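Okay, structure first, notes after.
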Number of protein chains: 2
Amino acid sequence: METADTKERILEASQALVQVRGFNAFSYRDLAESVGIRTASIHYYFPRKDDLALSLVRRYHEGFRQILRQIESREVRSEGRLASYLNLFSSLSEDGLRLCLFGVFSADAASLSEEVLMEIRAFCDTNVDWVSKVLKAGQKEGAFSFSGSPLELARGIFALMEGELLVRRALRAPGPPPGIPPVVRALLSCRGDGPFAATDHIP
Amino acid sequence: METADTKERILEASQALVQVRGFNAFSYRDLAESVGIRTASIHYYFPRKDDLALSLVRRYHEGFRQILRQIESREVRSEGRLASYLNLFSSLSEDGLRLCLFGVFSADAASLSEEVLMEIRAFCDTNVDWVSKVLKAGQKEGAFSFSGSPLELARGIFALMEGELLVRRALRAPGPPPGIPPVVRALLSCRGDGPFAATDHIP
DNA sequence: GACAACCTATCTATCGATAGGTAGAATCTC
DNA sequence: GAGATTCTACCTATCGATAGATAGGTTGTC
């Protein structure tokens with residue numbers, strides 16, 4: 001039999017399929033072939049496709065939170081933290097024009113259970129809250145100067161990142177060079193100018 | 001038999017289904033029921049589902065261009081033009097949390113033909129070019145003051161709008177009040193302050 | 001009667017899902 | 001510690017439902 005981590009391999013493979021094709025555009029057969037097992041074995045771990053979706057989002061959310069903690073421990077300055085954060089999304093689209101799970105599941109929201117949707121919303125909140133916190137701190141430090149609500153701005157930045165992924169995929173454009181992109185820089189009227197060699201990757 | 005516009009009714013109904021559910025999440029059966037005809041009749045007009053996708057995007061693109069022309073003829077000032085444009089997206093999410101066709105098809109890109117993808121890219125270009133033009137004009141008028149490339153900023157605004165639709169759907173949040181949202185206003189450092197009663201709607 | 005605009009009926013392929021079987025590891029019983 | 005039992009981790013085979021698609025008939029219009 002397989003050593004152990006079959007479940008993890010299923011999650012890994014299905015995440016790639018979701019990010020590239022969308023949740024309704026791959027089947028248990030595709031997934032089984034990708035992992036090298038039978039469809040029944042996937043049902044053993046994830047009885048219904050919705051179970052898979054839920055595990056996928058929870059895992060993704062947890063992975064994201066972990067990366068955010070890493071960023072906080074590595075980058076001290078707010079601007080570095082923000083640059084690292086933005087780089088997460090750039091690295092995504094470099095890797096086969098993948099979308100963020102949030103974007104995919106939000107687009108496919110109509111065919112997902114309420115449980116999955118709640119987790120999707122929680123992921124969004126995690127992002128917006130974290131960015132908002134960084135913005136507030138950066139404002140105090142004097143790194144960013146913006147008027148208006150940090151929360152509202154944070155939501156805008158998150159939306160911008162999600163939208164950028166869609167646009168980059170449509171245009172088949174790779175991610176921009178690391179650092180804070182000009183648009184966000186304009187948004188913040190921040191003066192720093194990197195480059196920030198942020199190297200985190202969304203799993 | 002039916003008067004004439006069955007084709008148009010099919011397009012209308014399928015666009016709603018695409019915007020709410022996604023392209024891979026509705027069937028010819030769903031569509032047939034929605035229109036009140038049989039699936040074979042849909043195949044009569046759109047032999048393959050990809051034909052439907054192509055007609056859908058082309059129609060959407062044309063509709064968008066028409067609205068942009070209307071905006072130009074109605075709004076003289078750049079700020080009014082931009083506000084009307086942004087309002088198109090807000091009105092979308094008010095109507096049953098629909099997504100823009102661009103967002104949906106970009107998310108489902110992996111299962112679409114090259115022909116459809118080209119049309120998707122053309123739609124993106126139309127938007128970015130139009131916004132860019134308005135930004136340049138507004139800069140000359142003195143309505144907007146921003147540094148950096150208008151084209152890059154325009155792309156950012158388009159991405160922001162697409163991303164906002166995803167976020168609003170996930171959060172089940174209705175569209176914001178009409179006018180230029182604070183985030184975009186910050187982006188442009190523009191001083192006008194509406195309100196702009198833009199009333200265009202994406203078909 | 002020719003054509004357009006539908007229909008009924010049906011096809012093949014594939015979907016998610018389930019039933020039931022099995023090899024081998026783990027655990028319990030004495 | 002040997003044998004019986006149970007559990008884990010898969011498998012084969014197949015289900016009913018549904019996907020997109022097609023052949024060929026019917027009906028209304030000109």
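In what follows, every chain begins at residue 1, and chains take the letters A, B, ... in the order their sequences are listed. In this text, all values refer to a predicted model and were calculated from it rather than measured experimentally.
Straight-line distance from the CZ atom of F46(A) to the P atom of dA9(D): 12 Å, rounded to whole Å. Distance R38(A) CZ to dG20(C) C1': 17 Å, rounded to the nearest Å. When the P atom of dT22(D) is taken as reference, atom CG of D51(B) falls 10 Å away, rounded to whole Å. We find that CD1 of I42(B) is positioned 12 Å from P of dA19(D), with the value rounded to whole Å. Atom CD1 of I37(B) and atom P of dT27(D) are 19 Å apart (whole Å).
Looking at N24(B), its side chain never comes within 3.5 Å of a backbone N or O of A25(A) through a donor-acceptor pair. For Q139(A) (side chain) and F144(A) (main-chain N/O), no donor-acceptor pair under 3.5 Å exists by modelled atom type. When atom types are taken as modelled, the side chain of S34(B) and the backbone of D30(B) share no donor-acceptor pair closer than 3.5 angstrom.
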Grab the N/O contacts between the protein and nucleotides 9-16 of chain C below 3.5 Å, and write none if there aren't any.
unit_1	atom_1	unit_2	atom_2	d
dC15(C)	OP1	S27(A)	OG	3.1
dC15(C)	OP2	R29(A)	NE	3.4
dG16(C)	OP1	F26(A)	O	3.4
dG16(C)	OP1	K49(A)	NZ	3.0
dG16(C)	OP2	Y28(A)	N	2.9

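Ring geometry, F26(A) versus F23(A): the interplanar angle exceeds 60°, so the pair is classed perpendicular (tilted spans 30 to 60°).
With a 6.0 Å radius and a threshold of 12 heavy atoms from other residues, nucleotides or ligands, R38(B) has its CZ atom at or below the threshold.
Geometrically, K7(A) does not engage Y44(A) in a cation-pi contact, judged by NZ or CZ lying under 6.0 Å from the ring centre and within 45° of the ring axis.
Partner of F102(B) under the ring pair (Phe, Tyr, Trp, His ring centres under 6.0 Å) criterion, chosen from F64(B), F158(B), Y60(B): F158(B).
The phosphate of dA9(D) has neither OP1 nor OP2 within less than 4.0 Å of any side-chain N or O from T6(A). At dC10(D), one or more side-chain N or O atoms of Y45(A) fall inside 4.0 Å of OP1 or OP2 (strictly under the cut-off). Within the 4.0 Å cut-off from OP1 or OP2 of dA9(D), at least one side-chain nitrogen or oxygen of Y44(A) is found.
Rotation axes derived from the C1' atoms of the five outermost pairs at either end of the helix from dG1(C)-dC30(D) to dC30(C)-dG1(D) lie 20° apart, to the nearest 10°.
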- Residues D51(B), Y45(B); criterion side-chain hydrogen bond (donor to acceptor under 3.5 Å, both in side chains); working and verdict: CA-CA 9 Å; D51(B) 299 323; Y45(B) 292 101; over 6 Å; no
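A donor-acceptor pair shorter than 3.5 Å can be found between the side chains of S93(B) and R168(B).
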